[in-house]
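This report concerns only the one structure given below.
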Amino acid sequence: MSTVKETVEVEVPVRTAYNQWTQFEEFPNFMEGVEEVRQIDDRRNHWTTKIGGVTREFDTEIVDQLPDERITWRTTGGDTHQKGMVRFQRLDDTHTRVELVMDVEASGAAEKAADMTGMIDRRVKGDMRRFKEFIEHRDGESGSWRGRITPG
């Protein structure tokens with residue numbers, strides 16, 4: 001299992017950055033290789049990805065969510081095994097640090113090769129840069145979900 005970390009500072013308030021991140025179905029707009037995210041309910045999402053010509057489908061479950069602070073998830077089924085957390089830190093009224101930490105288990109030959117060559121790490125770094133551009137160049141977030149999910 002590989003751990004990938006990336007941090008970006010975005011020029012929006014913490015509430016805006018957090019609210020946009022909760023719009024999971026918007027992820028294909030800034031995440032390379034993510035074809036679709038379908039939100040099933042407040043906790044669960046179904047993902048379709050295509051990386052290196054390989055299509056994978058999997059489900060994720062949010063296990064901990066605290067508005068304006070963090071979202072923690074894990075996969076619950078499908079072809080991909082991962083868990084992660086995104087944290088939001090207010091720097092001032094108009095700047096936020098967004099930190100993503102993911103543990104990814106490469107499952108197939110293509111994923112193992114991508115992991116060994118650093119492609120997964122580069123992709124996550126690119127996704128975070130694209131999130132920065134995405135959120136800074138729009139007029140506010142496209143929606144929000146302010147509910148809390150606690151482990152258990």
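Because the structure is a prediction, the values reported are computed rather than measured.
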- Query: What distance separates Ile135 CD1 from His137 NE2, expressed to the nearest 0.5 Å?
  - Reply: 11.5 Å

- Task: Verify the cluster assignment for Ile149 and Met85: are they in a single hydrophobic cluster under the rule of side-chain heavy atoms below 4.5 Å apart?
- Result: no

- Asp68 vs Arg146 side-chain heavy atoms within contact, under 4.5 Å: yes

- With rounding to the nearest 0.5 Å, note down the distance linking CD1 in Ile71 to CG in Asp64. 10.0 Å

- Query: Who pairs with Thr3 by side-chain hydrogen bond (donor to acceptor under 3.5 Å, both in side chains), at least two apart in sequence or on another chain?
  - Reply: Asp103

- Item | 4.5 Å side-chain heavy-atom contact, Thr22 and Gln65 | yes

- Shortest non-hydrogen pair, Ile62 vs Asp42, comes out as CD1-O, 3.9 Å

- So, does Thr75 use its side chain to make a donor-acceptor pair with the main chain of Gln82 at under 3.5 Å? yes

- Task: For the pair Glu35 and Lys50, find out whether any cationic side-chain nitrogen is under 4.0 Å from an anionic carboxylate oxygen.
- Result: no

- Task: Kindly indicate whether the side chain of Glu25, heavy atoms from C-beta on, has any atom under 4.5 Å from the side chain of Arg38.
- Result: yes

- Query: What is the distance from atom NZ of Lys83 to atom CD of Glu105, rounded to the nearest 0.5 Å?
  - Reply: 10.5 Å

- Query: Any side-chain heavy atom of Tyr18 sitting closer than 4.5 Å to one from Val86?
  - Reply: no

- Item | Presence of salt bridge, Asp121 and Lys125, under 4.0 angstrom | yes

- Relative to each other, are the rings of Phe134 and Phe30 parallel, tilted or perpendicular (30° and 60° limits)? tilted

- Message: Could you check whether any side-chain heavy atom of Asp127 comes within less than 4.5 Å of a side-chain heavy atom of Glu32, counting everything from C-beta outward?
- Response: yes

- Validation row: Trp73, Met102 side chains within 4.5 angstrom (heavy atoms): yes

- Any donor-acceptor pair under 3.5 Å from Arg148 side chain to Leu66 backbone: no

- Arg90 side chain near Asp93 side chain, heavy-atom distance below 4.5 Å: yes

- Which atom names give the shortest non-hydrogen contact between Pro67 and Gly147, and what distance separates them? CG-O, 3.6 Å

- Note on the structure: Value for CG (Asn29) from CZ (Arg138), rounded to nearest 0.5 Å, stands at 7.5 Å

- Give a yes or no on whether a salt bridge exists between Arg97 and Glu9, defined as a side-chain N under 4.0 angstrom from a carboxylate O. yes

- Task: Ignoring hydrogens and angles, state whether a donor on the side chain of Ser142 or Gln20 is under 3.5 Å from an acceptor on the partner side chain.
- Result: yes

- Task: Consider only side-chain heavy atoms of I, L, V, M, F, W and Y, link residues closer than 4.5 Å, and tell whether Val124 and Val34 are in one cluster.
- Result: yes

- Note on the structure: From the list Arg70, Arg87, Lys5, salt bridge (charged side-chain N to carboxylate O under 4.0 Å, His left out) with Glu99 holds only for Arg87

- Query: Could you give the distance from CG (Leu91) to NE2 (His95), rounded to the nearest 0.5 Å?
  - Reply: 8.0 Å

- Taking the six-membered ring for Trp, are Trp47 and Phe58 parallel (under 30°), tilted (30 to 60°) or perpendicular (over 60°)? parallel

- Decide yes or no for Glu26 and Phe131: does some side-chain heavy atom of the first lie under 4.5 Å from some side-chain heavy atom of the second? no

- Message: Membership question, hydrophobic clusters at under 4.5 Å side-chain separation (ILVMFWY): are Val98 and Val101 in the same one?
- Response: no

- Task: Answer yes if Val63 and Val37 sit in the same cluster of Ile, Leu, Val, Met, Phe, Trp and Tyr residues linked by side chain heavy atoms under 4.5 Å apart, and no otherwise.
- Result: no

- Rounded distance [0.5 Å steps], CD in Glu61 versus CG in Asn45: 10.5 Å

